[in-house]
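Heads up, the thing below is written out as structure tokens.
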Amino acid sequence: MNVLIIGNGGREHALAWKVARSPRVEQVLVAPGNAGTAREPGMENVAVDATDIDGLVALARDRQVHLTIVGPEAPLAAGLVDRFQSAGLACFGPRADAARLESSKAFAKDFMVRHQIPTAGHATVDNVADGLKFARTIGFPLVLKADGLAAGKGVVIVDNEDQARSTLEDMLSGQSFGAAGHRVVVEEFLVGEEASFIVIAANRQVLPLASSQDHKRRDDGDRGPNTGGMGAYSPAPAVSEDVHDTIMADIIRPTLDGLASDGCPFTGFLYAGVMLTAAGPRVLEFNVRFGDPETQPVMMRLESDLVDLVEAALEGRLDRTAAKWDRRVALGVVLAAGGYPQDYARGEPISGLDTEWPGHVKVFHAGTAIDDNGSVVTSGGRVLCLTALGDDVAQAQAEAYRWLAHIGFRDAYHRTDIGFRAIGRD
Ligand code: AMP
Ligand code: GLY
């Protein structure tokens, strides 16, 4: 069969790579893909943008695509799955109404309150005075979140009333995030360790995937500005069996049941970003897609055929399906362009990609492109994510950094401590 993967990041390279390993798959199309997916055997990039829904429907028809898997949130929020379904095309992801769990933080918070899903206390406001009034009742630090999609940048932690006022003004006026900031969630600050809990879901059926943890801050020690994620590993030792069971019972099942009973059942990858607080797990955010870079280590460990799992979901057989995992730890380090998450250079040639990589190492591309001379160059902030397997976190980390040293480009930047919390725990 032919499978279409939508998106162009490291997540999509990892999903496409895993799908291409299925003996049932002839060709993997990636729209629009990156230099990594262009160079994989059995894979072809097609120059259709991830948000060009008409173009994608036409592509799936023309190329006899049997199954489409959506990587990023924007096309899901824009109703890509609704359109594919109307066209009679199999597509894995939530419809737009269920995708509101990610595309509107105000919707997600209301939903959690209504269904008693544990999360930080909050108020949704549309003016500065109400925001400050609520802020005074919960105290500082606190968290301000632009309601709409803001590419992972819409969350600001403020330490005092002055910061709260200026951030609220910038968000609500539309200055910082456009219309996404016209409503703001003011939220209690939670303390604890974060984990990414990702499941395959189909209506009320669910198959939990391996746990993972990412590092969102740019610099070592989890300092510096927030990014899309500078590295990740799986499993996350903080997610013990007990914690896993609590998250399934108190968060994942009530979320799927709640969406189903609200008339917007969820199908797709559901990602709960969870803070493990002293009082138990609390939802920080929902994503309606796989995480990036969490996908890269999780796909390295998945031994089952991803196409089988996705089909089981689409055909209502998920509750009779299990996933098999490599017992080893996978750890991925992001190599970014200097300056990310602010301005950075593009078009820098990347050296070392033709290294002979051992079987336990994989270079997943993200912001890469092929230039007019056929060379692989940088084209985004997060350029690639080198992922390695090891017997424990320390070994996976050592292998990832050892092999990452083979790759370079001008002004390349990476953290040197991915996995440090898990190693500290061992
Ligand atoms: P979000 O996009 O909601 O996941 O927020 C991005 C990051 O901000 C999270 O991964 C956390 O590190 C941090 N964050 C979000 N909400 C809270 C909160 N209520 N308390 C503490 N940190 C938070
Ligand atoms: N790594 C966080 C995310 O994908 O949202």
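Counting starts at 1 for both ligands and their atoms, following the listed order. Basis for what follows: all heavy atoms, side chains included, without hydrogens, waters or symmetry-related copies. Residue numbers start at 1 and run along the sequence shown.
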Scanning both residues in full, the closest heavy-atom pair of G231 with V334 reads N-CG2, 3.8 Å

Give the atom numbers and elements of ligand 2 that come within less than 4.0 Å of a heavy atom of E294. 1 (N), 2 (C), 4 (O)

Measure from atom 12 (O) of ligand 1 to every heavy atom in E194, H215, K216, E102 and give the option owning the shortest one. E194

Just which atoms of ligand 2 are under 4.0 Å from any heavy atom in N287? 5 (O)

Residue G228 vicinity, atoms of ligand 2 by number, heavy atom under 4.0 Å: 1 (N), 2 (C)

Which ligand 2 atoms, with their elements, are less than 4.0 angstrom from a heavy-atom of G291? 4 (O)

Short N/O distance, under 3.5 Å, between M275 and ligand 1? no

Under 4.0 Å from any heavy atom of V143, which atoms of ligand 1 are there? 16 (N), 17 (C), 18 (C), 19 (N), 20 (N)

Looking at every non-hydrogen atom in both residues, tell me the closest pair between I407 and G352 and how far apart they are. CG1-O, 4.3 Å

Tell me the nearest of K105, K145, H122, E285 to atom 15 (C) of ligand 1, using heavy-atom distances. K145

Please work out which of the three classes, parallel, tilted or perpendicular, describes the rings of H365 and H13, given edges at 30° and 60°. perpendicular

Are any of the N/O atoms in D292 less than 3.5 Å from those in ligand 2? yes

What are the two closest heavy atoms between V125 and L168, and how far apart are they? CG2-CD2, 4.4 Å

Please assess L67 against L4 for the test side-chain contact (heavy atoms from CB on, under 4.5 Å), listing each intermediate value before the final yes or no. CA-CA 6 Å; L67 173 66; L4 170 62; over 6 Å; no

H182 ring center within less than 6.0 Å of F177 ring center: no

Suppose the criterion is ring-ring contact (aromatic ring centres under 6.0 Å, His included): which pairs have a residue in residues 95-127, not counting sequence neighbours? F111-H115

Close approach, R282 and ligand 1, non-hydrogen under 4.0 angstrom: no

What residue and atom, counting heavy atoms only, is the protein's closest point to atom 5 (O) of ligand 2, and at what distance? R289 NH2, 2.9 Å

So, the side chain of Q395 versus the backbone of D391: is there a donor-acceptor pair under 3.5 Å, distance only? yes

Check each heavy atom of V155 against ligand 1 and say whether those closer than 4.0 Å belong to the side chain, the backbone, both or neither. side chain

What do we get for E188 next to ligand 1 when only non-hydrogen atoms under 4.0 Å count, side chain, backbone, both or neither? backbone

What atoms in ligand 1 come closer than 4.0 Å to a heavy atom of E187? 16 (N), 17 (C), 18 (C), 19 (N)

Using side-chain hydrogen bond (donor to acceptor under 3.5 Å, both in side chains) as the criterion, list what pairs up with E12, not counting sequence neighbours. none

Classify the angle between the aromatic ring planes of F92 and F269 as parallel (below 30°), tilted (30 to 60°) or perpendicular (above 60°). perpendicular

Starting from atom 1 (N) of ligand 2, locate the nearest protein heavy atom and write down its residue, its atom name and how far away it is, to 0.1 Å. D214 OD2, 2.7 Å

